[in-house]
Amino acid sequence: MHIIKTPYKYINEAGAIKKAGEYLAETGRKPLIIAGEKAGKAVEKELKKSLSDAGISTENYFTFKGYPSQNQFDYYANLAKEKNADFIIGIGGGRVIDTSKAAADIAGLSVVTVPTVCATCASWAALTIQYDDNGAYVKHRWNKKSPVIVLADPEVIFTAPQRYLFSGVVDTFAKFFEVRPTFDRHAGDTPTSISMFEAKLAYKNLEADTFKALEEAEKGVFGQAAENVIDAVIYLAGFTGSVKSRYGHYSFAHPFYHTSTQVLKSNVKLHGEKVAFGIVVQLILEGKSESEVLDAIKLFSKYSADFVLSDFNLEDEDLRFLSTQIGTLFPYAVWKPEEIYAAFLRADELTKKFRQSEVRTELTVEPRAVLKNLPPYRSARSLQTLQRVKGLTSVIKLAANENTLGFSENVWDSIRKNVTSQYPDGSAFALRSKIASRFGVELENVVIGNGSFELIYLTAIAFVNEGDETISAVPTFGWYKTATEIMGGKFIGVPVKDFKTDLDAIAEAVTERTKIIWLCNPNNPTGSIFTQKELEAFLAKIPENILVVLDEAYADFVTESDFPDSVPLIKKHGNLVSFRTFSKLEGLANFRVGYAIANRDFTALLTRIKIPSNVSGAGQAAALAAIDDEEFKKKTRSNADSQKELYYEAFRKHGFKYVKSNSNFIFFDIGQEAAPVVEKFLDSGILVRDGGEYGFPTMLRISIGSPEENKKVLDLFEKIF
């Protein structure tokens, strides 16, 4: 007779956390809740609300730290009894869930598991992997029952760091590789046949749906592909591990992982990551051909799991220790220590060989010399990156000066009416005509760019020779420096004076090598401006063979009356150009539309070197709709003006010095190192910019968000400061 222990109920659906109370109501009313630190942050608010709405108490909520050790099992089992809990809920990854299952087993209670990462089948099986308090493997602990409910929510699991998902995928592949030797020897054994069927199905589903599910998750879609992946890792792999054959196992991968935890310095990788290397070793021990082993390594590489021994901090003495200990801890590991040791070295060798053949670590064609040491431009981290890497489910992004009010409702109508499957108008005639009319210039005085980024880049391409110099204030928009250095030029930074662009000092920095002067007005990140009078005086000092670029990306937010009127000056000075954008006031940052107003020679030059059809039809249509929506633009300006006053009031209350801003962001000094504060903000799901990036380590730059977003920021000020 074969006994298979399975959960009473397995739930895998988007939004399951919001329905937790409905699903758990039949289990009890007073749970002991054990949650991992990061896992708790991901689900705590919605889970508690759902449970409370269903009449389930959330008062006994505890954050788990450490390993699934006997001390932890006893601690939470006793805590459950002390609190008169009628069941236990485990929330998080394998460590939390294993502890919750064992504690429930000791206390004689049911357990509900809520996996927040797809890294293990632990949430499904009646098994706990027991460690000591330092994280070294002790034994497999078989619990009397499987969890009563497994509650998996793709919306949570697929916004966890991708590394955990890949670890779970590879760990599930391991079930296939580990069951296969037993199946090959005892194909008629029913439990083994069941396990093999489930393992093959899991393998197939993961290969078919993992990357599809990730792509959909990036777009906020958590559909069938995501459910299939979770089923494979949690349900199918859990089922495979729960079916016991009458025959022994011939597996190595998991014994390698469990034994390796006794070398504490090797515990730098996740369970599935170590198992991946263990599978490679197992295939070598089975006598598989080199091509078969390399095929497995290639498979794992798709999931960032092609590891060598140094990745685990394992040295020769560690390998010899593990070679002897694996057989001691797992008697069914039938290989001799010297065979295991040799297989370790061979697995390391073949993985290195694969890396060298599949991925060239060095470019074999010599690039331009100036690019070799060029640092990458640092942009604000994206929402998708934060959700993937940090495991945040929602983020208020106030670090890139975007319009968090969105964009005009007319935009989508314009796109639907005007965008076709054909290439867009490369001349952007309609949009250029609209801009020319608005500013009182000729059509030939306007050129459209893929945002201001492209216009700056094209300007550097057009004018900067190797050895030429460009000048700007510092701190300022970093792309000026990057674009200059890409062309082999030298960027000269002139420090701001009282956070304002020091035009006199910039004029004094001009040399015979100067080719371009970049003037960001209002300046980013300070938000300060220079006036019409100051600009006119400056232009009088600058030779006409030096290009002066006015980057007026934030000009629409200026409230001071003496801000320069650049168009009449452009008509007067042949070396003056202005760059503007639809990214800020109009909220079209995602569409990438900018424009330059300049003399015909300049616009003709940039037109010759720009990419054909550089701005999409959607971008052009969006800009044409947004430029005429004065009501939306007025709303955006009003929000920026009123909300800045709330920030100023808070700054004065806390004693923060700040720069009065003429833009949609504020630069302010918190009087202490800003980097840790930025991380505190991020822990609360709010992304702001660290002034240390600009050379001001005690300052922050924060974009003006919606009233609701700004309130959350100001409330957080009270908690932090």
Side-chain angles (χ1 to χ4, degrees), residues 4 6-20 23 39 42-43 93-94 97 113-125 146-147 149-180 194-243 270-273 275-276 279 296 299-305 384 387-388 391 393:
I4 303 173
T6 65
Y8 168 67
K9 188 180 290 184
Y10 168 68
I11 298 151
N12 172 16
E13 66 177 20
I17 294 297
K18 297 174 184 175
K19 299 181 182 178
Y23 291 128
V43 304
I97 288 173
T113 59
V114 183
T116 57
V117 293
C118 202
T120 175
C121 60
S123 57
W124 203 90
S146 288
I149 297 176
V150 178
L151 189 69
D153 190 334
E155 289 186 20
V156 174
I157 288 173
F158 272 87
T159 50
Q162 190 179 89
R163 179 187 177 195
Y164 292 97
L165 175 64
F166 283 173
S167 175
V169 169
V170 175
D171 187 36
T172 304
F173 287 153
K175 300 295 192 298
F176 169 78
F177 286 103
E178 291 186 304
V179 172
R180 189 174 62 178
I194 294 172
S195 293
M196 196 66 213
F197 176 80
E198 300 293 335
K200 284 181 177 179
L201 183 58
Y203 190 119
K204 178 181 177 181
N205 287 354
L206 290 176
E207 275 286 79
D209 289 317
T210 298
F211 290 100
K212 179 181 178 182
L214 285 170
E215 289 175 7
E216 291 179 349
E218 289 279 355
K219 302 171 185 175
V221 177
F222 307 94
Q224 190 62 53
E227 291 183 9
N228 288 348
V229 171
I230 293 170
D231 280 346
V233 175
I234 292 178
Y235 165 52
L236 293 175
F239 193 85
T240 301
S242 297
V243 178
L270 299 176
H271 173 92
E273 293 171 337
V275 166
I279 295 171
L299 169 68
F300 304 148
S301 72
K302 290 169 57 178
Y303 304 92
S304 304
Q384 293 84 356
Q387 290 171 341
R388 186 172 62 249
T393 56

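Heads up: numbering here begins at 1 and tracks the sequence.
Judged by distance alone, with hydrogens and angles left aside, the side-chain atoms of Asp171 form no donor-acceptor pair with the main-chain N or O of Gly272 at under 3.5 Å. Thr172 places a side-chain N or O within donor-acceptor distance of the main-chain N or O of Gly168, the cut-off being under 3.5 Å. With hydrogens and angles disregarded, a donor-acceptor distance shorter than 3.5 Å links the side chain of Thr159 to the backbone of Val156. Under the 3.5 Å distance criterion, the side-chain polar atoms of Asp153 are matched with a main-chain donor or acceptor of Ile17.
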Next on the checklist: Evaluate Glu216 against Phe222 for side chain to side chain contact (heavy atoms under 4.5 Å, CB included), listing each step before the verdict.
Outcome noted: CA-CA 7 Å; Glu216 291 179 349; Phe222 307 94; over 6 Å; no
Item to check | Working for side chain to side chain contact (heavy atoms under 4.5 Å, CB included), residues Leu206 and Phe176 | outcome: CA-CA 12 Å; Leu206 290 176; Phe176 169 78; over 6 Å; no
Item to check | Residues Leu236, Asn205; criterion side chain to side chain contact (heavy atoms under 4.5 Å, CB included); working and verdict | outcome: CA-CA 10 Å; Leu236 293 175; Asn205 287 354; 4.0 Å; yes
Checklist entry - Could you go step by step and tell me if Cys121 and Lys175 meet the side chain to side chain contact (heavy atoms under 4.5 Å, CB included) rule? => result CA-CA 11 Å; Cys121 60; Lys175 300 295 192 298; 3.8 Å; yes
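Every residue two or more places apart in sequence or in another chain that forms a side chain to side chain contact (heavy atoms under 4.5 Å, CB included) with Ala39 is listed here: Ile91, Thr116. Scanning for side chain to side chain contact (heavy atoms under 4.5 Å, CB included) contacts around Phe211 gives Phe166, Leu214, Lys302, Tyr303, with sequence neighbours left out. Under the rule for a side chain to side chain contact (heavy atoms under 4.5 Å, CB included), the partners of Ala213 that lie at least two apart in sequence or sit in another chain are Phe158, Ala225, Ala226, Val229.
Of all heavy-atom pairs between Ala20 and Leu151, the closest is CB-CD2, 3.8 Å. Residue Ile157 comes nearest to Ala152 through the heavy atom pair CD1-CB, 4.1 Å, listed as atom of the first residue, atom of the second, then distance. Here the closest non-hydrogen pair linking Ala122 and Ile97 is O-CG2, 3.7 Å.
Taking OG of Ser301 as the start and CG of Leu299 as the end, the distance is 7.5 Å to the nearest 0.5 Å. Interatomic distance, Ser123 OG to Ile234 CD1, rounded to the nearest 0.5 Å: 4.0 Å. If you take NZ on Lys204 and CG on Asn228, they are separated by 11.0 Å, rounding to the nearest 0.5 Å. With values rounded to the nearest 0.5 angstrom, Glu13 atom CD is found 11.5 Å from Lys18 atom NZ.
Within a 6.0 Å radius of NZ in Lys9, more than 12 heavy atoms belonging to other residues, nucleotides or ligands are found. Residue Tyr23 places its OH atom among more than 12 non-hydrogen atoms of other residues, nucleotides or ligands, all under 6.0 Å distant.
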